[in-house]
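Values below: all heavy atoms of this structure, side chains included; hydrogens, waters and symmetry mates excluded. On a predicted model such as this, the values are computed, not experimentally measured, just so you know.
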Amino acid sequence: MTDAVETESTELLRTLIRNGCVNTGAPDSGNEAKSVDALEDFFAGSGLSCERYTSAPGRMSLITRIEGSDPKAPRLILMGHLDVVPVNPSGWSRDPFAADLVDGIVWGRGAIDMLNLTSTMAVATRRLAKSDWKPRGTLIYVAVADEEAGGNYGAGHLTAREPEAVKCDYVVTESGGVPIPTPSGNKLRVSVGEKGGNWRRIVVKGTPGHGSRPLRTDNALVTAARVVQLLADYRPKARILDVWRRYVQGLELPPDLAEALTDPDYVLETAMKLDNLALAREAHACTHTTFSPNVVHGGTKVNVIPDRVEIEVDIRALPGVTPAEVDAMIAEALGDLHDRVTVEGPSRREGSLSPFDTPLVEALRRVSSALAPGSQIIPSMSTGGTDSRFFRAKGIPSYGFGLHSTRIPYTQYPLMFHGNDERVDTESLRLSALMWEALARDFLG
Ligand SMILES: [Zn+2]
């Protein structure tokens with residue numbers, strides 16, 4: 001049976017999907033102002049006033065708040081992003097921006113990343129505003145631009161330029177809360193940290209010449225091929241973080257496997273032969289700084305020996321690994337070839353971690369087990385980046401959560417993030433909206 005919370009969440013999600021705030025990474029993409037307008041319409045008549053923050057033409061974020069009565073009580077931000085990543089429509093079974101609702105499933109880009117949460121957080125905030133809730137603490141709803149391209153026009157802009165507007169003690173944003181079955185019941189991930197995105201451009205120089213006489217020439221593409229292979233084969237030593245240990249414990253894997261996955265000397269070898277490919281990739285990424293050469297540009301014409309090739313590498317550093325250590329790893333990986341390249345660093349970020357033992361996590365534990373009886377929360381680390389890092393960098397604990405039903409199996413989720421046929425069931429929307437509302441009531445009193 002569909003109730004008002006589910007209907008409101010579903011319809012707002014569909015509106016945000018249809019707005020298609022696609023962020024290509026170009027400053028003039030995204031156009032989140034469109035969805036800010038939609039949210040302002042959504043909040044109209046609730047007594048909430050909306051603040052708009054523009055970082056560049058069309059790039060807009062929205063904030064609304066329910067002020068608490070006690071200035072010493074905590075301030076909680078619920079933060080969602082408004083932008084989505086581009087699609088390749090040919091891989092989709094349905095129009096990615098039509099927001100079709102079929103048999104209790106909403107289809108479309110952003111359905112799980114993360115317009116589902118952006119809309120359910122708004123629904124909870126509006127319901128609280130319309131009720132007679134008079135909290136001690138302050139609830140702040142923040143809908144931001146530009147998460148998918150680094151956040152500089154959204155959360156980055158707000159934390160740097162509008163610190164008063166986003167002053168808080170805790171943040172909750174994406175992602176987590178998809179039930180993972182284990183022998184003792186479903187486990188719900190709370191994302192407490194993320195790796196540091198370190199993107200590097202490696203420029204390989206050569207000497208131009210005629211392609212008809214290749215012997216003993218200095219061909220930048222041939223050198224680049226070796227560079228790519230060395231980076232792909234590079235295996236820095238594993239580091240076992242506490243969050244990984246606790247996550248593996250929470251999954252209740254067979255004891256031998258759990259032990260191997262938390263042993264720095266065996267984790268890679270174990271991941272190499274695991275049948276469960278998703279767990280293998282996760283185990284590797286959560287215990288290593290990873291190197292993925294993903295883009296190459298070079299050469300000019302088929303009969304010209306190229307003198308310049310650029311390789312772009314997506315490097316994700318474990319929390320605690322500095323950008324300087326990443327550069328040292330590149331030097332180690334390339335060995336003698338390191339002298340023949342220049343390394344540029346378009347993005348140099350450190351990973352971030354928040355503690356799992358905080359009053360807010362206790363509140364998440366209470367509200368999630370009430371709404372999903374028998375489930376337990378476990379800490380996890382995100383291998384991708386989120387806007388949490390802007391707040392963690394200021395020492396503010398920030399978590400990724402949400403609450404999903406079991407209708408779409410958890411194994412489907414990694415395929416849907418930035419993938420084809422992204423979709424969410426409306427029961428999950430209902431659960432998330434109820435969870436945000438319960439969290440605010442529990443934590444802000
Ligand atoms: Zn996202």
Side-chain angles (χ1 to χ4, degrees), residues 12-42 50-63 79-92 94-99 106-119 121-122 142-162 166 173-175 194 197-199 201 294-295 297 310 312 314 344-349 382 384-390 416-424:
L12 181 57
L13 168 62
R14 297 178 77 196
T15 300
L16 298 183
I17 290 174
R18 288 190 191 115
N19 282 349
C21 299
V22 175
N23 189 348
T24 62
D28 62 353
S29 70
N31 194 27
E32 294 88 350
K34 214 170 158 184
S35 283
V36 165
D37 287 344
L39 283 171
E40 199 156 352
D41 288 347
F42 177 80
C50 296
E51 307 152 27
R52 289 165 170 250
Y53 296 90
T54 304
S55 53
R59 311 308 298 270
M60 205 181 277
S61 299
L62 173 143
I63 298 181
M79 177 172 66
H81 62 79
L82 295 167
D83 58 323
V84 296
V85 292
V87 295
N88 180 0
S90 67
W92 285 65
R94 296 183 172 273
D95 178 343
F97 297 106
V106 180
W107 294 69
R109 176 56 89 220
I112 59 160
D113 182 13
M114 64 174 286
L115 304 179
N116 56 328
L117 303 181
T118 309
S119 58
M121 286 168 171
V142 181
V144 293
D146 198 34
E147 192 276 342
E148 295 292 359
N152 288 332
Y153 294 109
H157 173 81
L158 292 174
T159 47
R161 305 286 192 82
E162 307 283 352
V166 289
T173 183
E174 65 186 339
S175 57
E194 66 190 47
N198 280 266
W199 296 342
R201 186 180 301 113
N294 293 343
V295 179
H297 293 293
E310 292 181 10
E312 291 179 43
D314 185 1
E344 300 168 1
S347 155
R348 308 170 66 85
R349 290 181 196 140
S382 163
T386 73
D387 282 335
S388 275
R389 67 194 163 82
F390 292 109
M416 296 195 291
F417 273 94
H418 297 198
N420 295 331
D421 284 350
E422 190 178 344
R423 62 203 184 279
V424 70

J.: Within the distance-only criterion (no hydrogens, no angle test), does the side chain of Glu422 pair as donor or acceptor with the backbone N or O of Gly110 below 3.5 angstrom?
T.: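 Side chain of Glu422 to backbone of Gly110: a pair is present.
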J.: Kindly compute the distance separating SG (Cys21) from CG (Asn23), expressed to the nearest 0.5 Å.
T.: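 CG of Asn23 is found 9.5 Å from SG of Cys21.
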J.: To the nearest 0.5 Å, tell me how far Thr15 OG1 sits from Lys34 NZ.
T.: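 Separation between the atoms: 11.5 Å.
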J.: What distance do Leu82 atom CG and Ser61 atom OG have between them, rounded to the nearest 0.5 Å?
T.: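 One gets 7.0 Å once the value is rounded to the nearest 0.5 Å.
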J.: Do Met79 and Val144 have side chains that approach each other closer than 4.5 Å (heavy atoms only, starting at C-beta)?
T.: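 In short, these two side chains touch, coming nearer than 4.5 Å.
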J.: Please examine the side chains of Phe97 and Arg109, heavy atoms only from C-beta on, and report whether any two atoms are closer than 4.5 Å.
T.: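 Answer yes - side chains close enough.
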J.: Does Ala99 offer a backbone N or O that forms a donor-acceptor pair with the side chain of Arg14 under 3.5 Å?
T.: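 A pair under 3.5 Å: yes.
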J.: Please list every donor-acceptor pair under 3.5 Å in which a side-chain atom of residues 148-157 meets a protein atom from a residue at least two apart or in another chain.
T.:
residue : atom : partner : partner atom : Å
Glu148  : OE1  : His418  : NE2          : 3.2

J.: Got a second to check how far Thr118's OG1 is from Leu12's CG, nearest 0.5 Å?
T.: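 Here the rounded value is 9.0 Å.
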J.: Any luck finding a side-chain donor-acceptor pair between Thr173 and Asp387 under 3.5 Å?
T.: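 There is no such pair (donor and acceptor under 3.5 Å, judged by atom type) between the side chains of Thr173 and Asp387.
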J.: Tell me, yes or no, whether the heavy-atom count around Arg161 atom CZ, taken from other residues, nucleotides or ligands under 6.0 Å, exceeds 12.
T.: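 Atom CZ in Arg161 is not crowded, with 12 or fewer foreign heavy atoms closer than 6.0 Å.
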J.: Roughly how far, to the nearest 0.5 Å, is the CG atom of Leu13 from the CD1 atom of Ile112?
T.: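 Separation between the atoms: 11.5 Å.
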J.: Start with the C-alpha distance between Thr386 and Glu147, add both sets of side-chain angles, then the distance that settles side chain to side chain donor-acceptor pair (under 3.5 Å), and finish with yes or no.
T.: CA-CA 7 Å; Thr386 73; Glu147 192 276 342; 5.3 Å; no
J.: How long is the span from the CE atom in Met60 to the CD atom in Glu32, to the nearest 0.5 Å?
T.: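 Taking CE in Met60 and CD in Glu32, the distance rounds to 10.0 Å.
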J.: Do Val85 and Val22 have side chains that approach each other closer than 4.5 Å (heavy atoms only, starting at C-beta)?
T.: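 Val85 does not reach Val22 side chain to side chain.
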J.: Does a donor on one side chain and an acceptor on the other come within less than 3.5 Å for His81 and Asp113?
T.: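 Judged by distance alone, the side chains do pair up.
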J.: State whether a side-chain donor-acceptor pair under 3.5 Å links Trp92 with Asp421.
T.: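 The criterion, which ignores hydrogens and geometry beyond distance, is not satisfied for Asp421 and Trp92.
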J.: Is there a donor-acceptor pair under 3.5 Å between the side chain of Asp83 and the backbone N or O of Gly30?
T.: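 No: the side chain of Asp83 does not pair with the backbone of Gly30.
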